[in-house]
Every structure is written in C-alpha cells, then in structure tokens.
Number of protein chains: 2
Amino acid sequence: MATATERLRRYLDDELGECRPEDVDRRLEDLGALAGALSEERVTTDVAVLSALSSETRYAAVRVLVAAGEELCVCELNAVVDASESAVSHALSELDDAGLVEGRTDGRWRKYRATDRAVALVTVLDGATDE
Amino acid sequence: MATATERLRRYLDDELGECRPEDVDRRLEDLGALAGALSEERVTTDVAVLSALSSETRYAAVRVLVAAGEELCVCELNAVVDASESAVSHALSELDDAGLVEGRTDGRWRKYRATDRAVALVTVLDGATDE
DNA sequence: CCCGTAGTTGAACAGCTGTTCAATTAACCC
DNA sequence: GGGTTAATTGAACAGCTGTTCAACTACGGG
C-alpha cells in the first residue's frame, strides 16, 4: 500500500508540477471520500442485486414480468422462459431474495410481480432514462 | 413443453372459468410477445453489463469513477479500491469490455472515466430515479 | 539503448454458480 | 385420507469466475 501512495505522489507531482506531502494526503482524502460515499453494506446489497440479474434465466424472468406490468403465474413464466421448471423456480427464489420480484400464493397457483426496483433497473438498461 | 402448455390451459380454465384452445394460443402469443420484446442479442448484452458489475472490485471501481464525475488515473483507483493492482487492472479491462468505463493513455499514466450507462445504472441503484 | 516505471495480461487455482435430478411441501378435489 | 397438481428446494456436478503470481508491453528519462 505504501507503493500505491508513492505512485500517487509521483502522479500528483507530475500533474501539479510540484507535490508536497499534504497534497498527497488531501488527494487521498478526496479519493477516500469518493469510495466511502456508500457503506460496505450498501455495496454488498447492490452487488447482490446485480448478481441476481447476471444470469440469462433470471434476467429473462424479470424482463417478462416488467414487460407484463402485472403479476404472472409461475406456469406462465414456465411457458415462455427458456429454462426448465426447476431452473425457473430457483431463479424466482433468488430474485425474490434480491428484492426484484414479489410472490404470493393464490390457491395452488403462485404468482410473481416485478418490484419497482426491477422496473427501474430494466428501464435504465433499455436506455429510456439516458439524459 | 407440452406439459407446460397443459398446465397453462388448466390455469386459464381456472382463471377464465372456461378455456378454449384459442384462448390458450392467444395467451401464449401474448406471453411470447412479452418475452420476445427484446432480441436474444440484447439479453446477452444486458446480462454482460450486469455481470460486469456483479463483483465488488468492479463495482467499487465504477462507483468511485461515477462519484468522481471525471476521469481518474489508475494509480488513484489503486489507492482507494480495496484490491491488488492486478485485480484492479483485470476489473478495469472487463468494465471496458462491458462499455461501463472508457480509458485513455496519457504518457505512461492510464486514465479511466465512467460512461453514461454506468452513471445511469449506479444512479438507479441509489434509488435516485425511483418514481 | 538501458533502466525504471506504469499498467496489463495469461495461466493456475480455489471457490463459486446454474442446471439437473429427485425428493419434498402445500393446496385442492374426491 | 389419498391422489394429483403446482411449485420448491437440496445436493451433485460440470463449468465458470476472481485473485494471485509472474511475465509482459509500452512509455519516459538519462
């Protein structure tokens, strides 16, 4: 880590023309603030959400639910998602854990809907909110 | 797949009270349209982007770049991202492949910035666009 | 040209992951 | 209560992944 700080000092020296120890300290502080702007817990949560979507089966399931705009029955997802029934069930379970879908039981049918967060993420991936 | 259609038929029967073969066909068509709204290529691309962010090292690097709002030198990232220099390099390379960062060489320094897409995704994860 | 620096990249490896298979659970109907 | 249906879940396994290590490439200065 000392070498990382050394290199940063040389970089600032290069950029600023001259570099005092306090310049390095300040820069490290500024950079640390950027990294520290979100908690470790938040990083873990966000990465869990992103991981939940980084599989074609789970992503497809979420896409269908978002496109539907309302809850769908698991048997409907099984009919259109290109994966086995068991794989779809695993996918829905993990999406539920990640807070991207919400499920409810209706008799022996089970229905899922996309959460607002899933909608927001999918919308961004579509580029609809590019501004 | 025949059993999936059979179950869908029973579901529609249950939901609609009665179910004709053309009802099943129509529903399958509607569901298929939801799934088919985006191309296979697009699914692959989106999943690649999401996968690129589903690692704490890559996610942290992108978060810092987004928070910085401007390009940072690799040595600056090395100073704040909690990973080895080599791991950070691998991370940046994959993020670049996924279109989430853009790099340029400045002498022997190498600098990266977050792309608009990365900014949009991170913003959504923050909930800033929840509406 | 040589040396040192900045950063990248490939291979190895430990650990992780998604699907399959089979068992299981819960609900409904007779 | 038994049988069937709807869906879930755990374990196994093949394949994938992130970090480390070491080698490499490119650039700048003397």
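Chain letters run A, B, ... following the sequence lines, proteins first, then strands; residues in each count from 1.
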Please determine if B:Arg10 and B:Asp14 form a salt bridge, counting it only when a charged side-chain N lies under 4.0 Å from a carboxylate O. no
Whole-Å distance between D:dA7 P and A:Tyr112 OH? 9 Å
When rounded to whole Å, the CZ to P distance for the pair B:Arg10 and D:dT4 reads 13 Å
Any base atoms under 4.0 Å from B:Thr105, or only sugar-phosphate, or nothing? Heavy atoms, all strands. nothing
Spacing of A:Arg110 atom CZ relative to D:dT8 atom C1', expressed in whole Å: 9 Å
Round to a whole Å and report the spacing from CG of A:Asp106 to C1' of D:dA7. 14 Å
Is the shortest side-chain heavy-atom distance between B:Thr57 and B:His90 below 4.5 Å? no
Determine the minimum heavy-atom distance between B:Val49 and B:Leu100, stating which atoms define it. O-CD1, 3.9 Å
Shortest non-hydrogen separation from A:Leu8 to B:Ala79 and the atoms involved: CD2-CB, 4.3 Å
For DNA chain C, determine which residues of residues 85-94 of chain B have any heavy atom closer than 4.0 angstrom to one of its atoms, and list them numerically. B:Glu85, B:Ser86, B:Ser89, B:His90, B:Ser93
Report the residue (B:Glu56 or A:Asp14) whose heavy-atom-nearest nucleotide on DNA chain D is the more 5′ of the two. B:Glu56
Taking atom CD as the centre, does B:Glu22 end up with more than 12 heavy-atom neighbours from other residues, nucleotides or ligands that are less than 6.0 angstrom away? yes
Counting just side-chain N and O atoms, does B:Arg7 come under 4.0 Å of either OP1 or OP2 of D:dA7? yes
Whole-Å distance between D:dT8 P and A:Arg104 CZ? 14 Å
Whole Å only: how far is the CH2 atom of A:Trp109 from the C1' atom of D:dA7? 11 Å
note: B:Leu8, atom CG; D:dT5, atom P; distance rounded to Å ~ 16 Å
Can you measure from CG (A:Leu53) to CZ (A:Arg58) and round to the nearest 0.5 angstrom? 8.0 Å
For B:Asp13, is there an ion pair with B:Arg27 - N to carboxylate O distance below 4.0 angstrom? no
Evaluate the criterion side-chain contact (heavy atoms from CB on, under 4.5 Å) for residue pair A:Glu40 and B:Glu56; output intermediate values, then yes/no. CA-CA 10 Å; A:Glu40 188 63 25; B:Glu56 291 206 9; 3.5 Å; yes
Side chain to side chain contact (heavy atoms under 4.5 Å, CB included) partner of A:Leu31, the single match among B:Val80, B:Val81, B:Leu77: B:Val80
As a test of understanding, state which of B:Leu121, B:Val119, B:Leu125, B:Asp126 forms a side chain to side chain contact (heavy atoms under 4.5 Å, CB included) with B:Thr123. B:Val119
For DNA chain C, which nucleotides open and close the run of contacts to chain A, 5' to 3', at under 4.0 angstrom from a non-hydrogen atom? C:dT5 to C:dC28
The answer to which of A:Val74 and B:Arg108 contacts DNA chain D further toward the 5' end, by nearest nucleotide, is A:Val74
Answer yes if the side chains of A:Tyr11 and A:Arg7 hold a donor-acceptor pair under 3.5 Å, and no otherwise. no
Students should find that the end-to-end axis angle of the helix from C:dC1-D:dG30 to C:dC30-D:dG1, with five pairs defining each axis and rounding to 10 degrees, is 30°
